[in-house]
Participant: 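This is the structure I want to talk about, given as structure tokens.
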Amino acid sequence: MSLTEKIKKLKEEKNAVILAHYYQTPDIQEIADYVGDSLGLSQKAAETDADIIVFAGVHFMAETAKILNPEKTVVLPDLSAGCSLADSCPPDLFKEFVAKHPNHKVITYVNCSAEIKAMTDIVCTSSNALKIVASIPKDKPIIFAPDKNLGKYIMKETGRELLLWDGSCIVHEAFCIDKLLELHNEHPDAVIIAHPESEEHILKTATYIGSTSGMINYVKKHPEKKFIVATEAGILHKMQQEVPNTILIPAPAAEDNTCACSECGYMKVNTLQKLYDCLNDESPQIDVDSGIREKALVPIKRMLELSK
Ligand code: 13P
Ligand code: SF4
């Protein structure tokens, strides 16, 4: 039996569901029951009746699934699948920051640890960030953490002042503006689309800015166009399947002289073999302290309610 067949068989036997982010490798995306962005994955995790959730993504995503499903087994193929953005917001420093601004509502991007979510009023993702900010009365000051680039984008779109945490994603900050403009000169007919974790100078060049699902939907609406895609290169797999005849060009990263695209090393530590192993062994499992879990559940549920 091939590895893929073995995973499918085991999945049936154990009543497991495989949830995968768009940044996972194509073989993992192909075996998944659902491939989506951070919001879609949280929604699927909230509604699944599987006994085991295999989360093919990074730690904070699997942790969110566990917070929503404390009674279920949640496994991650490789526990070292972290996130530079989540790491840029240590709980002790964030606690001090929040304590200095007691009048502020705290909105955090889902790319953060359970401890940070436990200090949050409402969670958001790149799909619903504008809506979530709009749900807070205009006269209420807001702390936004941890992604300063998404925060700046929200400020620009809403005209609201946000108190930003100084965090970022190394993958989206790797895009090189000079190389991007050069590429655009070579393909003047291409439309630039970008993820809001990218820096302001990259976003300024983009015709469309949105989450990974948002970008795929945009391309599907305009299949006759040609696109330069500024987000992690894993998205190109599903995107190209949706628009097989459309030319998709990955935006170039500064340090990249080989494949001219940006890859998340954290997402890519997961492999099909590790996915099989974690389902077979039911390990490594994600566990969240019950006190933290109860507090972190509240802002995640608020987000899911507002995203219906
Ligand atoms: P979305 O899945 O919300 O588009 O975010 C991308 C990302 O960086 C996930 O880590
Ligand atoms: Fe984190 Fe960036 Fe990787 Fe997403 S792409 S998991 S934000 S490091």
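The analysis underlying the following values was restricted to heavy atoms, covering all of them including side chains, and did not include hydrogens, waters or symmetry mates. Atoms within each ligand, like the ligands themselves, are counted from 1 in listed order.
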Participant: Under 4.0 angstrom from ligand 1, any heavy atom of Tyr22?
Facilitator: no
Participant: What protein heavy atom sits nearest atom 2 (O) of ligand 1, and how far away is it?
Facilitator: His21 NE2, 2.6 Å
Participant: Could you tell me which atoms of ligand 1, counted from 1 in the order shown, lie closer than 4.0 angstrom to a heavy atom of Ser38?
Facilitator: 1 (P), 2 (O), 3 (O), 5 (O), 9 (C)
Participant: Would you find more than 12 non-hydrogen atoms of other residues, nucleotides or ligands less than 6.0 Å from Lys156 atom NZ?
Facilitator: no
Participant: With atom 2 (Fe) of ligand 2 as the centre, enumerate protein N/O/S atoms below 2.8 Å in chain and residue order.
Facilitator: Cys169 SG
Participant: Quick one: does any side-chain atom of Arg293 pair with a main-chain N or O of Val288 as donor and acceptor, under 3.5 Å?
Facilitator: no
Participant: Looking at Cys169, Cys89, Cys83, which hits side-chain contact (heavy atoms from CB on, under 4.5 Å) with Pro146?
Facilitator: Cys89
Participant: What atoms in ligand 1 come closer than 4.0 Å to a heavy atom of Thr212?
Facilitator: 1 (P), 2 (O), 4 (O)
Participant: Should you measure from each heavy atom of Tyr109, which atoms of ligand 1 turn up under 4.0 Å away?
Facilitator: 5 (O)
Participant: If we only count N/O pairs under 3.5 Å, is Ser211 in contact with ligand 1?
Facilitator: no
Participant: With side-chain hydrogen bond (donor to acceptor under 3.5 Å, both in side chains) as the test, would you mind laying out the steps for Thr125 and Ser38 before giving the verdict?
Facilitator: CA-CA 6 Å; Thr125 76; Ser38 305; over 6 Å; no
Participant: Check whether any N or O atom of Asn111, backbone or side chain, sits under 3.5 Å from an N or O atom of ligand 1, and answer yes or no.
Facilitator: yes
Participant: When you measure from atom 3 (O) of ligand 1 to every protein heavy atom, which one gives the shortest distance, and what is it?
Facilitator: Ser126 OG, 2.7 Å
Participant: Taking 4.0 angstrom as the limit and counting only heavy atoms of Met61, give me the atoms of ligand 1 inside it, by number and element.
Facilitator: 9 (C), 10 (O)
Participant: Once the angle between the rings of Tyr218 and His222 is folded into 0 to 90°, is it parallel (under 30°), tilted (30 to 60°) or perpendicular (over 60°)?
Facilitator: tilted
Participant: What is the nearest protein non-hydrogen atom to atom 5 (O) of ligand 1, stated with its residue, atom name and distance?
Facilitator: His195 NE2, 3.2 Å
Participant: So does Lys301 pair up with Glu305, basic N to acidic O under 4.0 Å?
Facilitator: no
Participant: Do we get Lys44 above Tyr34's six-membered ring, with its NZ or CZ under 6.0 Å from the centre and within 45° of the axis?
Facilitator: yes
Participant: Lys105 side chain to Pro141 main-chain N or O, any donor-acceptor pair under 3.5 Å?
Facilitator: no
Participant: Answer yes or no: is there an ion pair linking Lys225 with Asp189, defined by an N-O contact shorter than 4.0 Å?
Facilitator: no
Participant: Quick one, Glu232 with Lys268, criterion salt bridge (charged side-chain N to carboxylate O under 4.0 Å, His left out). Give me CA distance, side-chain angles, the key distance, then yes/no.
Facilitator: CA-CA 11 Å; Glu232 210 267 1; Lys268 299 308 198 243; 2.8 Å; yes
Participant: Do me a favour and list the nearest non-hydrogen protein atom to atom 8 (O) of ligand 1 with residue, atom name and distance?
Facilitator: Glu197 OE2, 3.0 Å
Participant: Would you mind telling me which of His195, His172, Glu197 makes a side-chain hydrogen bond (donor to acceptor under 3.5 Å, both in side chains) with Thr231?
Facilitator: His172
